[in-house]
Amino acid sequence: MLSLVLSALAALPPPDVAQAQRLYQQARYPQALAALGPDCLDTSSPGECERVRASTHVALGEDAAARAAFARMLALDPRAELPGASPKLQGVLREVKQAYEALTALSLAPVRVAAPGSPWRLEVAPPAGLPVERVTVYVDAARLGFERVPLTARGTSFGADYRPPAGAPVRPAYFVETVVAGGAKVTSGSSAVPRDLSVARADVGSATTAVVPAEVITAARVPLAAATGGTAALAPPVTPVAPAPTAATGMPRWGIWALAGGAAAALAGGVTWAVVRNRKSEPGRIVVGIKFEDQ
Amino acid sequence: MPRLLFLFGLALAACGDGAVIELSATVHADALLKDEVKHLTLFAFGPQLSDGKFLPCSILIERVIRPLDPRLEQLARTDVDFSDPATRRVTLDGVTAGSNRVVYVEATASGVALANGCTDGVTVDAGQITTVDVMLYRLP
């Protein structure tokens, strides 16, 4: 049975975007959607396909489907626009784009922990404008790698309790992956560029809930207690040691190592950039297969 | 003069009782597009116009913007004669590597544009060959 379904799906023709565009212009909207097929995956111009699909749904008054298609279009090209389109279409896209951009900046609410070892309550509140199907948070609480934490919907927000691994958190980081209705996936942060997670003791004043700059922890290795007090129980048990100045420079030893490391990183980055730049400047070649509509 | 008189007489005769039969016919000679096309011009464009706006295929297909418009970032161009219908694959060389390239094809005969087609979202890797298909539709 499954093979029958799969073979039937495989037999579906790919979306004919240009034909759909023509049908759309002729106000033959159902035919335009039929020409696009069930999705825009099997086409060389998926963004264009989603644009025509969204425009057609708007014309049919199918707002949710139109927004979903626009979201998929933005997932392919966040700066996509509709030059020359009607004000109605422009308006729908503007709203979707605002919601989409808000999702790319979606952040967890500061976590308040009752006591060391207590679970962390992870919560996000997606913006209105794009119906959200699911939200997943990836948390790296102790520099051990990201853990996947699916959030469940509760009203307009999504949340879950997360129990961090044993040991105190060191610069907890996260990123959020949101799937909106229609399948478009939007991420806020990434594993390469994660967001800093604010974790604070719940039994202390509001001043302790401020986001602690991660650099404070990593660069100087100062316990969070020194900066915030409330997060002290969550900070690693690092004993503050006065940095020893070197005799020659008067600069602390860690400062010299930091400078050396920074210089090495800059050199490596420069070499990588030069290699990538040279590779990108090398042209490629496009072989175009010509087909005719009346063949 | 005699000829004019003859024609006049013929016209008078036509005003008689006999029914005038009028015939009209329109002959559609729908040649296949592939047989009409004599020349192809292919372009590769960057994904954005000079004003920063996204370049969709639709404005090229609908000829809102023409291929030589200075706002377009032309990455490559190739002109080929299409006298041999078997020549169905044309190469655009020297396309700057990157994503979201737009390939636009215009088909002409005797300098008259007959059809066009476009595809976007084309990724070109440095030193690599990317293969795409472009469907040409007859211009209205």
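The basis for the numbers below is simple: all heavy atoms, side chains too, and nothing from hydrogens, waters or symmetry mates. Proteins come first, then strands; the chains are lettered A, B, ... in the order of their sequence lines, and each starts at number 1. Since the structure is predicted, the reported quantities are computational estimates derived from the model, not experimental observations.
- Shown here is A/R79, whose CZ atom has no more than 12 heavy atoms of other residues, nucleotides or ligands within 6.0 Å.
- At a 4.5 Å heavy-atom cutoff, the contact between B/V105 and chain A is made by side-chain atoms alone.
- Contact annotation for B/V103: only side-chain heavy atoms (C-beta onward) come within less than 4.5 Å of a heavy atom of chain A.
- Of the two parts of A/Q25, only the side chain, counted from C-beta on, holds a non-hydrogen atom closer than 4.5 Å to a non-hydrogen atom of chain B.
- In this pair, A/Y138 and A/F175 present their aromatic rings parallel. The plane angle is below 30°, not in the 30 to 60° band.
- Of the atoms belonging to B/L33, heavy atoms from both backbone and side chain fall under 4.5 Å from chain A.
- The parts of B/D93 that come within reach of chain A are both its backbone and its side chain, each placing non-hydrogen atoms under 4.5 angstrom from that chain.
- Counting heavy-atom pairs under 4.5 Å between each of B/V132, B/L49, B/T91, B/T131 and chain A puts B/V132 at the top.
- Rounding to the nearest 0.5 Å gives a distance of 12.5 Å between CZ of B/R101 and CG of B/L92.
- Looking at B/V37, only its side chain comes within 4.5 Å of chain A, counting heavy atoms on both sides.
- Checked for salt-bridge contact, A/R148 and A/E177 miss the test: no charged N lies under 4.0 Å from a carboxylate O.
- Judged purely by atom type and a 3.5 angstrom limit, A/Y174 uses its side chain to pair as donor or acceptor with the backbone of A/L108.
- Counting heavy-atom pairs closer than 4.5 Å to chain A, the top-ranked of the candidates B/A44, B/G121, B/C57 is B/C57.
- For chain A, the nearby part of B/L42 is the side chain; its heavy atoms alone come within less than 4.5 Å.
- Using a 3.5 Å distance cut-off with no hydrogens or angles, the side chains of B/E62 and A/Q21 do pair a donor with an acceptor.
- Heavy atoms closer than 4.5 Å to chain A are found in the side chain of B/V124, but not in its backbone.
- Side chain of A/E48 to main chain of B/S58: a donor-acceptor pair is present (N/O by atom type, distance under 3.5 Å, no hydrogens or angles).
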